[in-house]
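One structure is given here, and the rest of the page talks about it.
Computed over heavy atoms, backbone and side chain alike; hydrogens, waters and symmetry mates excluded. All residue numbers refer to positions in the sequence shown, counting from 1. Start at 1 and go down the list; that is how both ligands and their atoms are numbered.
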Amino acid sequence: MRSNATSGIGAIDIAGTQSRVTELSWLTRAENVAPSTGTSVCVIGGGFVGLVTAACLAQTGHSVVCVEKDAQRAADLSAGRIPIYEQSLPQLVRANLERDRLRFTTDLRQAVAGQDILVITVGTPSGADGRADLTALDTLISDLGPILAAGQIVTIKSTVPVGTAARVRRMLNPHDDGAEPIPVVSNPEFLREGTAVYDFFHPQRVVVGASCPDAADRVVQTYRAGLARPAPIVVTSNETAELIKYASNVYLATRLSFVNELSSVCDALAIDIGDVAYAMGLDPRIGAEYFDAGPGFGGSCLPKDLDAFISFSERNGAKLELAPAVKAANERQLERVLAKIRLAAGGSLAQQRIGILGLSFKAQTQDMRDSPAKSIIEMLLQQQALVQAYDPVAMDEARRVLPQITLCHRAEDVASGASVVAVMTEWPEFQLLDWRLVHDRMLRPVIVDARNHLSPETLQRAGFEYIGMGRR
Ligand code: NAD
């Protein structure tokens, strides 16, 4: 199928999404309840990864308790209130709460007692100097030390720098006799927000790193029981597993910075990036996925994992050229979007109304962590622009993290009195807006499409000036 970049407004690419929805609907039907496996799992951290992992492991047939230190969040989850927007997740959590296969608690000691496998999913955000901030992990390991029993397997699913599992192993097994009564397994997570439940049951690969083969095998079996189709399982050392996760994200970031930089070449030469990327992607060595020009990558993983990769590689003596350039190119891409908005607004942004469509870091999630939309809004505010924005699911999040902007009830409302409307997230519904209404409400009918998500022809026919990222 042709890339979104060149498809028309009427041709929304939802086929993939629809087949996933159909396929996931069997998960919650009573007759498809997997038999109990007899394995008990304690997931620690009820954030995005922890919640998806806990619900999917329960659906697999394991008995799961999820420990979340935030008492309000734990209470909400126990009552079946799901604080994140993720397809199929609410049904899965509620069904498994009802089956008593899943429960939430704040009590670590009680939750850990007697569990076969512990899965750590606490956050590892960027520290001030780009290093991964391991405070939550280290605090947790100190708490776990005195309460774990020999034979319990500790699995680190959080993204952690190379060497972290070995350090955790030494903390949990302090006797220097080579024995590993509490095995530590690295099990990096590759799910994508927006399709996380689907990804759990249909992974491209499962990576398990350990120095204890029995523990690795036990973790492999825990996942294998839930796979909807066979997947490659890579069993390796802890260090290799840790590096595979970072290397994968840095590679994805590199692809995006490449195609984004290519979009600036296309702008300079009046060539359409959609045609170039489409033809390039037909080569299986290149591939079409994750190859669309946009405002730069964001989200809770790529930027922080790129920073951490640069930091631990250089601290260990590796001299990097590419990864720092990928980061710099990403920052430049956002500046390109700002420059396009400023130019479209007539050269100055002060006191100009700018409409923003989309706030989450990508469609199908409410997650605004490191969202390009949030970054561009902060840049606009610095230049005294008046920002009015809309997102189909991230409005509560936006109220919290961007209290200075006006949030609109409907997408078309961002156009009221606006000099420019910018599309920052590729929500399918933005392709179906009432463009006549948008046109009539704007001061100047100019659209900056930072996601190359809309049809230039349709917008031009509707009387807009259309500005994309490397589009003719
Ligand atoms: P998150 O911040 O959404 O969730 C972490 C949760 O852990 C929070 O709810 C926090 O309250 C809880 N927590 C912290 N310390 C705790 C403790 N001692 N006991 C109980 N709960 C505790 O983070 P996330 O997005 O779920 O990411 C978790 C990890 O997974 C990170 O290392 C991230 O890099 C990695 N990861 C994330 C994704 C993603 O798409 N979000 C994908 C792959 C990997």
Side-chain angles (χ1 to χ4, degrees), residues 42-56 65-77 82-87 89 103-112 118-127 131-145 147-148 154-161 164-165 168 186-200 203-207 241-242 244-250 252-253 297-309 360-362 364-371 397 401:
C42 174
V43 175
I44 307 176
F48 186 85
V49 171
L51 183 51
V52 171
T53 305
C56 293
V65 55
C66 178
V67 188
E68 169 52 55
K69 71 170 187 184
D70 178 332
Q72 182 60 53
R73 193 172 175 96
D76 283 345
L77 291 169
I82 313 303
I84 57 176
Y85 178 88
E86 186 62 43
Q87 198 188 99
L89 188 62
R103 64 188 174 87
F104 297 93
T105 179
T106 53
D107 189 337
L108 182 72
R109 176 181 288 272
Q110 207 187 51
V112 162
L118 278 65
V119 181
I120 296 176
T121 67
V122 300
T124 51
S126 255
R131 293 179 191 218
D133 177 351
L134 298 181
T135 310
L137 178 76
D138 289 343
T139 309
L140 172 63
I141 299 301
S142 310
D143 293 346
L144 283 176
I147 61 177
L148 288 181
V154 171
T155 305
I156 303 177
K157 190 175 268 305
S158 303
T159 305
V160 291
T164 305
V168 168
S186 303
N187 171 224
E189 180 53 66
F190 299 100
L191 54 76
R192 300 159 299 174
E193 294 191 17
T195 53
V197 172
Y198 179 89
D199 291 347
F200 183 94
Q204 304 295 338
R205 75 290 210 196
V206 175
V207 175
E242 289 167 335
I244 287 169
K245 173 64 193 175
Y246 280 102
S248 301
N249 274 358
V250 171
L252 291 173
F297 55 81
S300 68
C301 292
L302 260 48
K304 84 163 172 66
D305 291 352
L306 179 59
D307 280 345
F309 174 80
S360 55
F361 85 92
K362 65 174 185 179
Q364 310 308 332
T365 179
Q366 95 295 357
D367 200 337
M368 286 185 62
R369 288 179 283 183
D370 258 327
S371 155
E397 191 65 5
V401 298

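Those atoms of ligand 1 with a heavy atom of S300 less than 4.0 angstrom away are 39 (C), 41 (N). Proximity to I44 (heavy-atom distance under 4.0 Å) selects the following atoms of ligand 1: 19 (N), 20 (C). Within the listing of ligand 1, atoms 7 (O), 12 (C), 20 (C), 21 (N) sit less than 4.0 angstrom from a heavy atom of G45.
Ranking protein heavy atoms by distance to atom 12 (C) of ligand 1, first place goes to E68 OE1, 3.3 Å. Among protein heavy atoms, the minimum distance from atom 44 (C) of ligand 1 is reached at T159 OG1, 3.6 Å. The protein heavy atom nearest to atom 22 (C) of ligand 1 is K69 CG, 3.7 Å. For atom 16 (C) of ligand 1, the closest heavy atom belonging to the protein is V122 CG1, 3.6 Å. For atom 32 (O) of ligand 1, the closest non-hydrogen atom of the protein is T124 OG1, 2.6 Å. In terms of protein heavy atoms, atom 43 (C) of ligand 1 is closest to E189 O, 3.3 Å.
Considering backbone and side-chain atoms together, F48 places an N or O closer than 3.5 Å to an N or O of ligand 1.
With a heavy-atom cut-off of 4.0 Å, C301 touches ligand 1 through its side chain alone. Contact annotation: for K245 versus ligand 1, heavy atoms closer than 4.0 Å belong to the side chain alone. Residue E86 does not touch ligand 1, judged by heavy-atom distances below 4.0 Å.
Comparing heavy-atom distances from atom 28 (C) of ligand 1 across I120, L134, T121, I156 singles out T121 as nearest.
Among T121, N187, T53, the one residue that satisfies the side-chain hydrogen bond (donor to acceptor under 3.5 Å, both in side chains) test with K157 is N187.
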